[in-house]
Enquirer: 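For reference, the structure I am asking about is given below.
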Amino acid sequence: DAAIAELERIVSVHGFRAVEIGTRIEDTKLSDSRFRPVLRRAQELGVFVMTHPYYIGNKSGLEDYYLTNLVGNPLETALMVADLMFSGTLDDLPELKLGLAHVGGYVPYQIGRLVRGHEMRGETHAISKTSPMELLRRFYFDTVVFEPRSISFLAELVGADKVFLGTDAPFDMGDEEPLKTINAAPGLSDTQRHSICAGTALALLGEDLA
């Protein structure tokens, strides 16, 4: 109730058009029914919800070499996305605008595995009958990947209108030259680059595209 009240306040009083939340709340999945009213109100208000992994301390098995961040953060996003897909959360909230950090973690590059699992395994389609490939295109993706070819692949997979410039500033794993990264992405048209650099974000925030 308090989260909904604050969401309504920042929208009505301060004109917020986007918020950021974790990929999970402590050890509870975002798909948990207790969070559904918050997500539903964000949908009703047309608020863009950016998700980003957060953690305190190390994750088990990822203690060394900064793997908690390097591997753990993309994994956290992938786990959230798969759970939102298979739990029926995305079916229940068809107009919710969700953003993913780090180009969606591992999901865009393993989406075929989720599709295959949804086709073959009863656990995955017991609740949601919608293909993970269709649900993937419900998300919006930032460009913080540091490999320009990954951005080209993502734009082809989901459409450049689902991809937006990201920086992750001011952290050391942020992209300090995001335009350079995007401009180095092979095969993108001028229209696609415009979408990624400005158009997608402006549309999400309800701004004039001119």
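Remember, it's a predicted structure, so these values are computed and weren't measured experimentally.
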Enquirer: Any chance you could measure Leu114, atom CG, to Ser131, atom OG, to the nearest 0.5 Å?
Expert: 9.5 Å
Enquirer: Using distance alone, with no hydrogens and no angle criterion, decide if Asp161 and Thr200 have a side-chain donor and acceptor under 3.5 Å apart.
Expert: no
Enquirer: With side-chain contact (heavy atoms from CB on, under 4.5 Å) as the test, would you mind laying out the steps for Thr51 and Leu98 before giving the verdict?
Expert: CA-CA 7 Å; Thr51 62; Leu98 283 172; 4.2 Å; yes
Enquirer: Arg40 vs Asp92, test: salt bridge (Lys or Arg N to Asp or Glu O under 4.0 Å). Steps then yes/no.
Expert: CA-CA 9 Å; Arg40 180 169 289 110; Asp92 189 39; 2.7 Å; yes
Enquirer: Please confirm whether the backbone N or O of Asp83 pairs with a side-chain atom of Lys29, one donor and one acceptor, at under 3.5 Å?
Expert: no
Enquirer: Is Met50 reachable from Leu39 through a run of I, L, V, M, F, W or Y residues, each pair having side-chain heavy atoms under 4.5 Å apart?
Expert: no
Enquirer: Does any part of the side chain of Phe48, heavy atoms only, come nearer than 4.5 Å to the side chain of Phe16, both counted from C-beta?
Expert: no
Enquirer: How would you list, by chain and number, every residue that makes a ring-ring contact (aromatic ring centres under 6.0 Å, His included) with Phe153, sequence neighbours excluded?
Expert: Tyr109
Enquirer: Answer whether the closest heavy-atom distance between the side chains of Ile151 and Ile196 falls below 4.5 Å.
Expert: yes
Enquirer: Do Lys97 and Leu204 have side-chain heavy atoms sitting under 4.5 Å apart?
Expert: yes
Enquirer: Just by distance, do the side chain of Arg193 and the backbone of Ile182 share a donor-acceptor pair under 3.5 Å?
Expert: yes
Enquirer: Does Phe164 form a side-chain contact (heavy atoms from CB on, under 4.5 Å) with Thr143? I'd like the steps, not just the answer.
Expert: CA-CA 6 Å; Phe164 61 92; Thr143 58; over 6 Å; no
Enquirer: Test of understanding: clusters of I, L, V, M, F, W, Y form through side-chain heavy atoms closer than 4.5 Å, transitively. Do Leu84 and Val49 belong to the same one?
Expert: yes
Enquirer: How long is the gap from CE on Met85 to CE on Met133, to the nearest 0.5 Å?
Expert: 9.0 Å
Enquirer: Determine, stepwise, if the pair Asp175 / Thr181 fulfils side chain to side chain donor-acceptor pair (under 3.5 Å).
Expert: CA-CA 8 Å; Asp175 189 344; Thr181 303; 2.8 Å; yes
Enquirer: Heavy-atom distance under 4.5 Å between the side chains of Phe139 and Val107, does that happen here?
Expert: no
Enquirer: For Glu176, I'd like to know if atom CD has over 12 heavy atoms of other residues, nucleotides or ligands within 6.0 Å.
Expert: no
Enquirer: Within the 4.5 Å heavy-atom criterion, are Ser195 and Val163 side-chain neighbours or not?
Expert: no
Enquirer: Are the side chains of His52 and Leu100 in touch, meaning some heavy atoms are under 4.5 Å apart?
Expert: no
Enquirer: Let me check something: do Leu67 and Leu75 share a hydrophobic cluster, defined by ILVMFWY side-chain heavy atoms less than 4.5 Å apart, either directly or through other members?
Expert: yes
Enquirer: Answer yes or no: does atom NZ of Lys129 have more than 12 heavy-atom neighbours from other residues, nucleotides or ligands under 6.0 Å?
Expert: yes
Enquirer: Taking Leu179 as the starting point, is it possible to reach Phe141 by hopping between hydrophobic residues whose side chains are less than 4.5 Å apart?
Expert: yes
Enquirer: Would you find a donor on one side and an acceptor on the other, under 3.5 Å apart, between the side chain of Asp142 and the backbone of His102?
Expert: yes
Enquirer: Using only atom types and a distance under 3.5 Å, with no angle test, would you say the side chain of Gln43 pairs donor to acceptor with the backbone of Glu95?
Expert: yes
Enquirer: Please assess Ser189 against Thr191 for the test side chain to side chain donor-acceptor pair (under 3.5 Å), listing each intermediate value before the final yes or no.
Expert: CA-CA 5 Å; Ser189 67; Thr191 300; 4.5 Å; no
Enquirer: Please check: side-chain N/O of His118 versus main-chain N/O of Ser128, any donor-acceptor pairing under 3.5 Å?
Expert: yes
Enquirer: Distance-only, no hydrogens or angles: does the Ser152 side chain make a donor-acceptor pair with backbone N or O of Gly187 under 3.5 Å?
Expert: no
Enquirer: Does the ring of Tyr140 carry Lys162 above it, NZ/CZ under 6.0 angstrom from centre and within 45° of its axis?
Expert: yes
Enquirer: Does some side-chain heavy atom of Val158 sit less than 4.5 Å from a side-chain heavy atom of Pro108?
Expert: no
Enquirer: Please tell me if the side chains of Glu76 and Arg24 come closer than 4.5 Å, counting only heavy atoms from C-beta onward.
Expert: yes
Enquirer: Side chain of Thr68, backbone of Leu62: donor and acceptor closer than 3.5 Å?
Expert: yes
Enquirer: If Ile, Leu, Val, Met, Phe, Trp and Tyr residues are connected whenever their side-chain heavy atoms lie under 4.5 Å apart, and connections chain through other members, are Leu135 and Tyr106 in the same group?
Expert: no
Enquirer: Does Glu6, at its CD atom, have more than 12 non-hydrogen atoms belonging to other residues, nucleotides or ligands within less than 6.0 Å?
Expert: yes
Enquirer: Checking Arg41 against Val47 for the side-chain contact (heavy atoms from CB on, under 4.5 Å) test, could you report, in this order, the C-alpha distance in whole Å, the side-chain angles of both residues, the deciding distance, and whether it holds?
Expert: CA-CA 9 Å; Arg41 190 65 182 124; Val47 172; over 6 Å; no
Enquirer: Any donor and acceptor pair, going by atom type alone, linking the side chain of Arg138 with main-chain N or O of Leu90 inside 3.5 Å?
Expert: yes
Enquirer: Going through the checks in order, is the side-chain contact (heavy atoms from CB on, under 4.5 Å) test met by Val19 and Ile10?
Expert: CA-CA 10 Å; Val19 296; Ile10 62 175; 3.7 Å; yes
Enquirer: Whether the side chain of Arg121 engages the backbone of Glu123 through a donor-acceptor N/O pair (distance < 3.5 Å, no angle test) should be reported.
Expert: no
Enquirer: Would you say that more than 12 heavy atoms from the other residues, nucleotides or ligands in this model lie under 6.0 Å from the CG of Asp64, or not?
Expert: yes
Enquirer: Once you round to the nearest 0.5 Å, how far does CG of Leu154 lie from CD of Glu156?
Expert: 10.5 Å
Enquirer: Do the side chain of Thr77 and the main chain of Pro74 share a donor and acceptor less than 3.5 angstrom apart?
Expert: no
Enquirer: For Leu205 and Ala18, work out which heavy atoms get closest and say how close.
Expert: CD2-CB, 4.1 Å
